[in-house]
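Read through the structure below, which is laid out as C-alpha cells, and then see the notes.
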Amino acid sequence: MSANSTVPSPEGAAAAVDGSPLVIVADSAAEAGRAVADRIAGVIAERPDAVVGVATGSSPGPVYRALVEHRAAGLDVSRVTWVALDEYIGLPAGHPESYREVLRRDLVEPLGLDPDRVMVPSADGMRPEDAAARYERRIADLGGVDIQLLGIGSNGHIGFNEPGTPFDSRTRVAHLAERTREDNARFFPSADDVPLECITQGLATIMSARRLVLIASGSYKAAAVAAALGGPVTPECPASIVQRHPDVVVALDPAAAERLPERLAR
Ligand code: F6R
C-alpha cells in the first residue's frame, strides 16, 4: 500500500502536503476496503454514537466486510446512526434493488444492526420533494454526518449528483444520467428497468460531513478518479468537489489508480 505524503493538521485531518486529498493505492479492492473501514472504525471508537454516512452499489462491499471484522474484534456499532446517500424513486417497498434492501443485505444483516438506526430517504406516500427536504432536516437534526463513505460513478457522480449538479445542492429529487442507468443495468433485467429518478443527498450536503472517505476499484473507474482528483474542480465532474474538503481519504485498487497524475499516486 502506498499513500502520498501527509501532514497532520491540528485536528488530525487527512490531507496531503499540497492540500490535495490523501490517496491510498492499495494492493487490491479488499485492501482498499480495509483502509476505509479502519478509518470509519476509528471514528466509531472515538464516538460510539457517531453518524456514519453509507453508500450502496458494488464499491462499498469490501468496506462493509472489513467492518464486520472490526465488530468481531470488539467494535461496538450498536449506537451508531447510519445515513444512506440516496434511494431510487419508483421501486416498490421491498424491491431487492431498492437501496434500503441493498443496505439490509450488505450492512444491516452482516453487522447485526437495528434496522431502525439506518436512515434511507423514502418518499413513503409523500411528495418526493417533501421527503427529500425532510431527509435533509433529519441529517441536520442528527448534528450532521461524522464520516461519509462515497463511491464514484464512471461519469464522476457522487451520490446521484450527476454531471452539471450545482455545488450548493442539498438533498433533492434528481434524474439519473443515461450513463448511470446503463452502469446500473447490471442490477436489473435491463437498463430500461433502472428507475429514472431518485432522492439523493446534494453536493453541499455531502460536503457538510466532517470527514469523507471515497473508495473506487476497477479500470472502468480510472478516468473518473483521475478527473475527480487531478482535474479542475467543476460541476462537470461532481466528485471533483471533494478536492475542497478539508478531510478526505481516497482508497483505490491499482486499476482505479492507473490514470492518476503522478503527484497523487505516489
Ligand atoms: C450509491 C451511490 C453512487 C455509487 C456509484 C458507484 O449509493 O451513491 O454514487 O457509489 O454509482 O457505484 P458502484 O460502486 O456500484 O460502482
Side-chain angles (χ1 to χ4, degrees), residues 29-30 32-33 36-37 40 52-65 82-89 91 95-108 118-122 132 135 139 145 147-165 169-188 191 194-207 209 212-225 227-229 235 237-242 248 250-253 255-257:
V36 169
I40 295 173
V52 177
V54 286
T56 46
S58 307
S59 309
V63 179
Y64 300 150
R65 286 191 283 280
W82 309 83
V83 177
L85 273 174
D86 41 24
E87 176 61 291
Y88 292 120
I89 292 176
L91 296 182
H95 188 288
E97 294 310 327
S98 72
Y99 283 166
R100 179 171 290 285
E101 278 299 296
V102 171
L103 285 171
R104 186 183 61 73
R105 287 195 301 273
D106 293 355
L107 182 75
V108 173
V118 183
M119 274 171 46
V120 183
S122 160
Y135 198 71
I139 293 173
V145 171
I147 185 164
Q148 175 68 56
L149 172 62
L150 299 169
I152 180 171
S154 65
N155 65 355
H157 73 209
I158 48 175
F160 278 134
N161 296 287
E162 304 286 18
T165 301
S169 52
R170 293 278 168 184
T171 307
R172 71 195 187 290
V173 175
H175 293 270
L176 271 63
E178 270 318 297
R179 171 113 175 239
T180 299
R181 295 184 70 231
E182 283 159 20
D183 284 349
N184 288 6
R186 67 191 192 280
F187 299 116
F188 292 85
V194 181
L196 294 160
E197 289 185 319
C198 64
I199 295 176
T200 182
Q201 287 190 34
L203 292 173
T205 318
I206 290 170
M207 287 292 282
L212 299 179
V213 274
L214 188 152
I215 182 162
S217 57
S219 53
Y220 77 109
K221 294 292 177 69
V225 165
L229 304 181
C237 179
S240 64
I241 197 173
V242 306
V248 52
V250 178
L252 306 170
D253 75 346

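Sequence positions, counted from 1, serve as the residue numbers for this chain. Each ligand, and each atom within it, is numbered from 1 in the order the structure gives. Model, not experiment: these values are computed from the prediction.
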Response to the item:
Heavy-atom closest pair (Ile199 atom, Pro121 atom, distance to 0.1 Å) is CG2-CB, 3.6 Å
Worksheet entry | Atom of Arg100, atom of Glu87 and distance for their closest heavy-atom approach | N-OE2, 3.1 Å
Fill in: Sub-4.0 Å atoms of ligand 1 with respect to non-hydrogen atoms of Ser58
13 (P), 14 (O), 15 (O)
Worksheet entry | Close N or O approach (Tyr99, ligand 1; < 3.5 Å) | no
Fill in: Set of residues satisfying side-chain contact (heavy atoms from CB on, under 4.5 Å) with respect to His175, sequence neighbours excluded
Glu197
Discussion item. Give me the residue, atom name and distance of the protein heavy atom closest to atom 1 (C) of ligand 1.
Written reply: Thr56 OG1, 3.2 Å
Worksheet entry | Atoms of ligand 1, numbered as shown, that sit under 4.0 Å from any heavy atom of Tyr220 | 16 (O)
Practice prompt. Could you check atom 14 (O) of ligand 1 against the protein and tell me its nearest heavy-atom contact, residue, atom and distance included?
Written response: Ser59 OG, 2.4 Å
Item to complete: Distance to 0.1 Å, residue and atom name: give those for the protein heavy atom nearest to atom 3 (C) of ligand 1.
Response: Gly159 O, 3.5 Å
Worksheet item: So, is Asn184 polar-close to ligand 1, with some N/O to N/O distance under 3.5 Å?
Response: no
Item to complete: Check step by step if side-chain hydrogen bond (donor to acceptor under 3.5 Å, both in side chains) holds for Asp106 and Tyr99.
Response: CA-CA 10 Å; Asp106 293 355; Tyr99 283 166; over 6 Å; no
Item to complete: Report the nearest protein non-hydrogen atom to atom 10 (O) of ligand 1: residue, atom name, distance rounded to 0.1 Å.
Response: Gly151 CA, 3.3 Å
Fill in: For atom 16 (O) of ligand 1, closest protein heavy-atom neighbour
Lys221 NZ, 2.7 Å
Worksheet item: Taking all atoms of both residues into account, what is the closest heavy-atom pair of Ala209 and Gln148, and its distance?
Response: CB-CB, 3.8 Å
Item to complete: Check each atom of ligand 1 against the heavy atoms of Leu85 and keep those under 4.0 Å away; list them by number with element.
Response: 8 (O)
Discussion item. Using a 4.0 Å cut-off to any heavy atom of Gly57, which atoms of ligand 1 qualify?
Written reply: 14 (O), 15 (O)
Discussion item. Taking side-chain contact (heavy atoms from CB on, under 4.5 Å) as the definition, give me every residue that meets it alongside Ala255, ordered by chain and number, with sequence neighbours left out.
Written reply: Ser219, Asp253, Glu258
Worksheet item: To the nearest 0.5 Å, how far apart are CG in Asp86 and OH in Tyr135?
Response: 8.5 Å
Fill in: Shortest protein contact, atom 6 (C) of ligand 1 (heavy atom only)
Ile152 O, 3.4 Å
Discussion item. Considering non-hydrogen atoms of the protein only, which is the closest contact for atom 2 (C) of ligand 1, and what is the distance?
Written reply: Asp86 OD2, 3.3 Å
Item to complete: Run the numbers for me: atoms of ligand 1, each under 4.0 Å from some heavy atom of Arg186, listed by number.
Response: 13 (P), 15 (O), 16 (O)
Discussion item. I'd like to know if Arg179 and Glu182 make a salt bridge, using a cut-off of under 4.0 Å between side-chain N and carboxylate O.
Written reply: no
Response to the item:
Output for pair (Leu107 CG, Arg65 CZ), nearest 0.5 Å, gives 12.5 Å
